[in-house]
Amino acid sequence: MMSRAVLALLVFLTGCSAATAQPEPDARPPAIVAVSAEGVVVADNRAEAFYGLDRSGRELWRDPAAYAGGADVICQARCPKPVFSGSAEAPDPEPRSLSGVFAQSDARIRRVLTARDASDAVIVESDGAEEGSLRLIRPSGKDLRIPLNGAFSWAEDASRTTAVATSGKQALWFRHDRRGWRKVAGNTFDEPVRSLCASGATAVVKGERAYVLTGSGKPVPITTSLPVVAGCAAGTHGLVVYAYWRDGGSRRFTGISGVDSLGKQTWSREIADEAQIRAHPSGTTFVITYGGAAEVIDPAGRTVARHSGTASAAYTADGELALLTTEGKLRWLAH
């Protein structure tokens with residue numbers, strides 16, 4: 001799930017509005033926005049705060065100020081050690097961790113997209129126009145800057161070692177190793193696109209329509225019964241895309257479609273609620289959370305497990321499932 005600040009960044013840099021209606025913020029249950037085997041970061045719309053829970057469920061920190069300011073929050077190498085950056089309406093403040101300034105930047109827009117620590121991170125920097133740069137802070141050597149020309153977005157896989165960034169009509173693949181992040185490949189489109197999700201082998205980007213990328217070969221158009229693709233969840237062997245909308249009575253709906261490697265729909269489903277959709281890193285299962293329960297499905301869309309009393313759920317890079325209960329407790333299910 002994207003936080004409010006990430007959505008705001010995409011809208012600000014692209015000049016686009018959301019393609020589908022979204023519920024009011026206070027109608028959403030608390031959501032896991034970052035996870036690792038050590039803990040989670042939660043965005044709580046009702047409490048109007050971000051907070052971090054360790055693996056036992058103990059709250060280690062709470063930050064209502066970052067939430068109120070519309071900041072984005074990610075984890076460093078382990079959750080729930082956070083980095084806050086961005087602002088919903090004002091020039092971005094200096095990115096910060098719990099201990100103070102995280103990475104100095106003179107740019108008006110400065111969002112930390114991913115970070116192991118202050119010596120290994122990626123920041124998008126812009127003056128608010130469509131030109132900016134992607135700043136790769138590497139553990140050794142000088143920072144690398146990649147010029148951006150047009151709208152920008154970033155999506156990375158569960159292991160945080162593969163990412164796809166888009167800028168204008170370009171989609172750029174990145175890999176992470178002990179030397180930090182580096183660009184390894186790219187795709188060019190006839191239209192501006194933005195990245196929606198990525199796995200170790202595939203990614204989805206969206207322009208006038210959505211495409212599957214593999215890092216080699218031509219982008220494959222996605223064809224589904226959804227009126228528009230708003231987001232996706234991908235693993236190495238499975239992919240789903242989804243959209244949100246409201247009917248005339250303002251009831252919320254989520255449409256979900258399974259997609260194969262040729263971009264064709266393999267199954268579809270409609271849920272009368274706003275659902276959170278997350279992929280197991282392998283893509284062999286997906287978890288759909290809605291109505292106070294988490295439903296685990298296989299790549300064919302068949303239900304294989306259901307966990308009641310769940311507000312949010314997410315997989316770790318190792319495939320362990322973290323469940324945030326409706327009572328605010330944290331449960332872990334073996335992968």
Exercise. Determine, for Glu125 against Arg108, whether the closest basic-nitrogen to carboxylate-oxygen distance falls under 4.0 angstrom.
Key: no
Exercise. Flag the pair Gln76 / Val83 as yes when at least one side-chain heavy-atom distance between them is below 4.5 Å, and no otherwise.
Key: yes
Quiz item: Roughly how far apart are Ser36 OG and Lys81 NZ, rounded to 0.5 Å?
Solution: 12.0 Å
Quiz item: What is the minimum heavy-atom distance between Ala293 and Ser308, and which atoms define it?
Solution: CB-CA, 4.0 Å
Self-check item: Polar side-chain atom of Ser97 near backbone of Ser99 as donor-acceptor pair, under 3.5 Å
Solution: yes
Exercise. Run the salt-bridge test on Asp260 and Lys264 with the 4.0 Å N-O cut-off and return the result as yes or no.
Key: no
Self-check item: Close side-chain approach of Val124 and Leu113, heavy atoms under 4.5 Å
Solution: yes
Quiz prompt | Trace of the side chain to side chain contact (heavy atoms under 4.5 Å, CB included) decision for Asp298 with Thr284 | solution = CA-CA 6 Å; Asp298 66 14; Thr284 54; over 6 Å; no
Quiz item: Considering only heavy atoms from C-beta outward, does the side chain of Lys218 approach that of Val220 to under 4.5 Å?
Solution: no
Exercise. Please test Thr316 against Asp318 for side chain to side chain donor-acceptor pair (under 3.5 Å), starting from the C-alpha separation and ending with a verdict.
Key: CA-CA 5 Å; Thr316 68; Asp318 293 329; 5.1 Å; no
Quiz item: Hey, are the side chains of Ile277 and Thr254 touching, using non-hydrogen atoms and a 4.5 Å cut-off?
Solution: yes
Quiz item: Between the main-chain N or O of Ile256 and the side-chain N or O of Trp267, is there a donor-acceptor pair closer than 3.5 Å?
Solution: no
Quiz item: Quick one: do Arg209 and Glu191 make a salt bridge, cutoff under 4.0 Å?
Solution: no
Exercise. Go through Asp63 and Arg96 one step at a time and tell me if the salt bridge (Lys or Arg N to Asp or Glu O under 4.0 Å) criterion holds.
Key: CA-CA 12 Å; Asp63 199 317; Arg96 65 177 176 87; 2.8 Å; yes
Quiz item: So, do Thr325 and Thr310 sit near enough that their side-chain heavy atoms are less than 4.5 Å apart?
Solution: no
Quiz item: To the nearest 0.5 Å, what is the distance between CD1 (Ile74) and OG (Ser85)?
Solution: 6.5 Å
Quiz item: Is it true that Asp177 and Arg182 make a salt bridge, defined as a side-chain N closer than 4.0 Å to a carboxylate O?
Solution: yes
Quiz item: Would a 4.5 Å heavy-atom cut-off, applied to side chains only, mark Phe84 and Phe102 as touching?
Solution: no
Quiz item: Is Arg111 paired with Asp92 through a side-chain N to carboxylate O contact shorter than 4.0 Å?
Solution: yes
Quiz item: Taking the six-membered ring for Trp, are the ring centroids of Phe50 and Trp61 within less than 6.0 Å of each other?
Solution: no
Self-check item: Results of ring-ring contact (aromatic ring centres under 6.0 Å, His included) for Phe286 - residues two or more places apart only
Solution: none
Practice problem: Can you see which heavy atom on Gly235 is nearest to which on Ala279, and at what distance? | Solution: N-CB, 4.1 Å
Practice problem: Mind listing the closest non-hydrogen atom pair of Gly263 and Val212 along with its distance? | Solution: CA-CG2, 4.5 Å
Quiz item: Can you find a heavy atom in the side chain of Leu144 that is under 4.5 Å from one in the side chain of Arg135?
Solution: no
Practice problem: Could you check whether the rings of Tyr315 and His280 sit parallel, tilted or perpendicular, using 30° and 60° as the cut-offs? | Solution: perpendicular
Quiz prompt | N/O donor-acceptor pair under 3.5 Å between Ser167 side chain and Gln170 backbone | solution = no
Self-check item: Short side-chain to backbone donor-acceptor contact, Asp44 and Glu48, under 3.5 Å
Solution: no
Quiz prompt | Any donor-acceptor N/O pair, Thr224 side chain to Gln265 backbone, under 3.5 Å | solution = no
Practice problem: Spell out, as yes or no, whether a donor-acceptor pair under 3.5 Å connects the side chain of Arg278 to the backbone of Ala313. | Solution: yes
Quiz item: Taking Asp157 for the side chain and Thr162 for the main chain, is one N or O donor matched with an acceptor at less than 3.5 Å?
Solution: yes
Quiz item: When rounded to the nearest 0.5 angstrom, what distance separates CZ in Arg55 from CH2 in Trp332?
Solution: 5.0 Å
Quiz item: Stepwise, does the side chain to side chain contact (heavy atoms under 4.5 Å, CB included) test hold for His176 with Arg116?
Solution: CA-CA 11 Å; His176 184 274; Arg116 265 59 172 188; 3.5 Å; yes
Exercise. State whether the number of non-hydrogen atoms from other residues, nucleotides or ligands found under 6.0 Å of Asp190 atom CG is greater than 12.
Key: no
Exercise. Could you tell me which non-hydrogen atom of Pro80 sits nearest to which non-hydrogen atom of Leu60, and how far apart they are?
Key: CG-CD1, 3.8 Å
Quiz prompt | N/O donor-acceptor pair under 3.5 Å between Tyr242 side chain and Ala275 backbone | solution = no
Exercise. Go through the steps for Tyr67 and Asn45 under the test side chain to side chain donor-acceptor pair (under 3.5 Å), then give the verdict.
Key: CA-CA 9 Å; Tyr67 184 92; Asn45 296 285; 2.6 Å; yes
Quiz item: With a 4.5 Å limit on heavy-atom distance, are the side chains of Val204 and Ile222 in contact?
Solution: yes
Quiz item: When you measure from the side chain of Arg110 to the backbone N and O of Pro93, does any donor-acceptor pair fall under 3.5 Å?
Solution: yes
Quiz item: Checking Arg175 against Trp181: charged group under 6.0 Å from the ring centre and within 45 degrees of the axis?
Solution: no
Quiz prompt | Interatomic spacing from CG in Leu323 to OG in Ser312 - rounded to 0.5 Å | solution = 9.0 Å
Quiz item: For atom CZ of Arg306, is the number of surrounding heavy atoms from other residues, nucleotides or ligands below 6.0 Å larger than 12?
Solution: yes
Self-check item: Electrostatic pair Glu274:Arg246 at N-O distance under 4.0 angstrom
Solution: no
Quiz item: Do the side chain of Thr166 and the main chain of Val193 share a donor and acceptor less than 3.5 angstrom apart?
Solution: yes
